[in-house]
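Quick caveat: nothing in here was measured; it's all calculated off a predicted structure. Side chains included, hydrogens not; waters and symmetry mates left out as well; all remaining heavy atoms used.
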Amino acid sequence: MTDHYSIGLTDRDRVNNAVGDGIPTGSIVLVEGEDGAGKSALSQRFAYGMATEGTDVSYVSSELEAGEFVDQMHSLSYDVVDLLLAERLLFLHANVDTHDAGPTRQLLARLVDAERLWRADVVYVDTLSALLRHDPNYEAGTETDDEDRVIQRLVTFLRRMTRGGKSIVLTVDPSGIDEDALHPLRSVADVYFDIETTAVGQEVRRSIRVRRFQNMNAPVDDTIGFSVQQGRGVSIISRTVA
């Protein structure tokens with residue numbers, strides 16, 4: 001078993017180098033950022049690069065359906081068709097917009113029970129906050145001050161999954177869930193990336209604040225600047241030690 005999952009594409013960009021030459025095995029990675037910050041694009045770059053390195057990857061999206069995912073990746077010059085056909089990359093759409101009162105709304109339970117999903121070496125959930133917001137158990141918890149139980153059960157499951165070397169990458173929009181729910185997710189994360197954005201004129205500058213990075217394979221800077229461009233994907237534009 002490898003100690004780290006390489007993010008690959010080292011001849012194309014500096015992303016793998018910027019994050020310490022890979023994500024540690026058996027880790028929970030939290031990518032936090034508000035809507036439009038770039039957390040999905042960053043996760044898509046990670047997932048694509050890992051799959052090209054031979055890592056089995058599962059990717060759950062609450063926003064994109066399969067065709068939209070392929071188109072989105074193509075726009076970033078990440079051609080995932082061959083990876084999907086080779087079953088190196090498994091893509092699943094989480095339909096969070098259902099208003100059924102039945103079991104189809106048990107989003108977290110369905111996530112946990114998706115056996116095929118958890119066979120991969122690395123599992124991406126983008127975005128976890130959307131699943132939480134639309135799950136009736138979490139919704140009920142927010143009304144009864146019992147949402148901690150929902151989050152703690154999820155955290156326990158995620159940690160159990162990582163014991164065998166599996167890594168899990170979660171994206172979260174902090175504006176979508178309560179601070180009390182964010183705290184245990186932040187606490188359990190072995191790697192915690194907080195994406196910040198700054199508007200400079202018509203330009204949006206993005207940076208990753210590395211809040212935590214346990215078991216890093218190589219030095220990682222405190223702040224990593226990056227851009228997302230059509231036709232180029234994710235690029236590292238600055239690396240500044242705070």
Side-chain angles (χ1 to χ4, degrees), residues 1-13 15-16 19 21-31 39-98 103-104 106-128 130-131 154 157-172 190-191 217 228 230-234:
M1 180 187 300
T2 181
D3 291 331
H4 291 76
Y5 293 114
S6 172
I7 301 173
L9 305 185
T10 54
D11 58 345
R12 174 172 166 175
D13 58 38
V15 176
N16 189 64
V19 296
D21 294 339
I23 297 299
T25 58
S27 62
I28 295 175
V29 181
L30 182 65
V31 182
K39 57 187 179 296
S40 291
L42 192 68
S43 298
Q44 290 159 7
R45 163 63 184 87
F46 283 12
Y48 175 72
M50 286 182 177
T52 63
E53 290 290 300
T55 301
D56 287 330
V57 174
S58 292
Y59 197 104
V60 178
S61 173
S62 63
E63 297 181 352
L64 302 176
E65 296 187 9
E68 295 171 327
F69 176 73
V70 172
D71 290 343
Q72 164 74 4
M73 297 296 273
H74 179 72
S75 74
L76 299 173
S77 293
Y78 303 146
D79 187 359
V80 296
V81 174
D82 288 342
L83 295 171
L84 291 167
L85 292 175
E87 299 184 351
R88 182 65 67 193
L89 172 62
L90 172 68
F91 175 82
L92 297 171
H93 170 62
N95 181 14
V96 299
D97 293 327
T98 177
T104 55
Q106 306 293 323
L107 298 173
L108 293 180
R110 294 174 67 191
L111 176 72
V112 168
D113 292 339
E115 181 181 347
R116 178 66 183 87
L117 169 72
W118 298 103
R119 293 177 189 170
D121 300 316
V122 183
V123 177
Y124 289 77
V125 181
D126 179 34
T127 61
L128 177 64
L131 270 64
L154 176 63
F157 170 79
L158 295 174
R159 184 50 75 197
R160 186 168 72 247
M161 289 293 100
T162 61
R163 288 182 187 140
K166 194 183 307 295
S167 291
I168 302 168
V169 181
L170 310 170
T171 69
V172 172
D190 304 288
V191 180
N217 196 38
V228 181
Q230 283 195 347
R232 293 189 60 185
V234 175

Would you mind reporting whether Val57 and Phe46 have side-chain heavy atoms less than 4.5 Å apart? no
Which of these, Asp56, Thr55, Asp82, sits in a side-chain hydrogen bond (donor to acceptor under 3.5 Å, both in side chains) with Arg88? Asp56
Between OH of Tyr124 and OG1 of Thr171, what distance do you get to the nearest 0.5 Å? 11.0 Å
Show me, pair by pair, the donor-acceptor contacts under 3.5 angstrom made by side chains of residues 67-76, not counting sequence neighbours?
from: Glu68; atom 1: OE1; to: Glu65; atom 2: N; distance (Å): 2.9
from: Gln72; atom 1: NE2; to: Gln44; atom 2: OE1; distance (Å): 3.3
from: Ser75; atom 1: OG; to: Gln72; atom 2: O; distance (Å): 2.6

Got Ile7 and Met50 here, is their nearest side-chain heavy-atom distance under 4.5 Å? yes
Shortest non-hydrogen contact from Gly165 toward Tyr5: O-OH, 3.0 Å
The residue among Thr52, Val234, Asn16 that forms side chain to side chain contact (heavy atoms under 4.5 Å, CB included) with Leu9 is Thr52
If only atom types and distance count, is the side chain of Ser6 paired as donor or acceptor with the main-chain N or O of Gly22 below 3.5 Å? no
Indicate whether any N or O donor in one side chain lies under 3.5 Å from an N or O acceptor in the other, for Ser40 and Asp126. yes
Between atom CZ of Arg110 and atom CG of Leu117, what is the distance when rounded to the nearest 0.5 Å? 12.0 Å
Determine the minimum heavy-atom distance between Gly26 and Asp190, stating which atoms define it. O-OD2, 4.0 Å
Working for side chain to side chain contact (heavy atoms under 4.5 Å, CB included), residues Leu30 and Lys39: CA-CA 10 Å; Leu30 182 65; Lys39 57 187 179 296; over 6 Å; no
Roughly how far, to the nearest 0.5 Å, is the OG1 atom of Thr162 from the CZ atom of Phe157? 10.5 Å
Contacts of type side-chain hydrogen bond (donor to acceptor under 3.5 Å, both in side chains), residue Ser27, not counting sequence neighbours: Ser167
Working to the nearest 0.5 Å, report the span between CG of Asn95 and CG of Leu131. 10.5 Å
Flag, side chain of Trp118 to backbone of Leu111, donor-acceptor distance under 3.5 Å: yes
Which residues pass the salt bridge (Lys or Arg N to Asp or Glu O under 4.0 Å) test with Asp13, not counting sequence neighbours? Arg45
Are Leu154 and Leu128 side-chain neighbours, meaning at least one heavy-atom pair lies under 4.5 Å? yes
Would you say Asp3 and Asn217 make side-chain contact, with heavy atoms under 4.5 Å? no
Could you check if a side-chain atom of Ser58 sits within less than 4.5 angstrom of a side-chain atom of Leu92, using non-hydrogen atoms only? no
Can you list the residues that meet the salt bridge (Lys or Arg N to Asp or Glu O under 4.0 Å) rule with Glu115, with sequence neighbours excluded? Arg119
Those residues at least two apart in sequence (or on a different chain) that pass salt bridge (Lys or Arg N to Asp or Glu O under 4.0 Å) with Arg232 are none
Non-hydrogen atoms of Tyr78 and Gly233 that approach each other most closely: OH-CA, 3.4 Å
Those residues at least two apart in sequence (or on a different chain) that pass side-chain hydrogen bond (donor to acceptor under 3.5 Å, both in side chains) with Ser62 are none
If I take atom CG from residue Asp79 and atom CG from residue Leu84, how far apart are they, to the nearest 0.5 angstrom? 9.0 Å
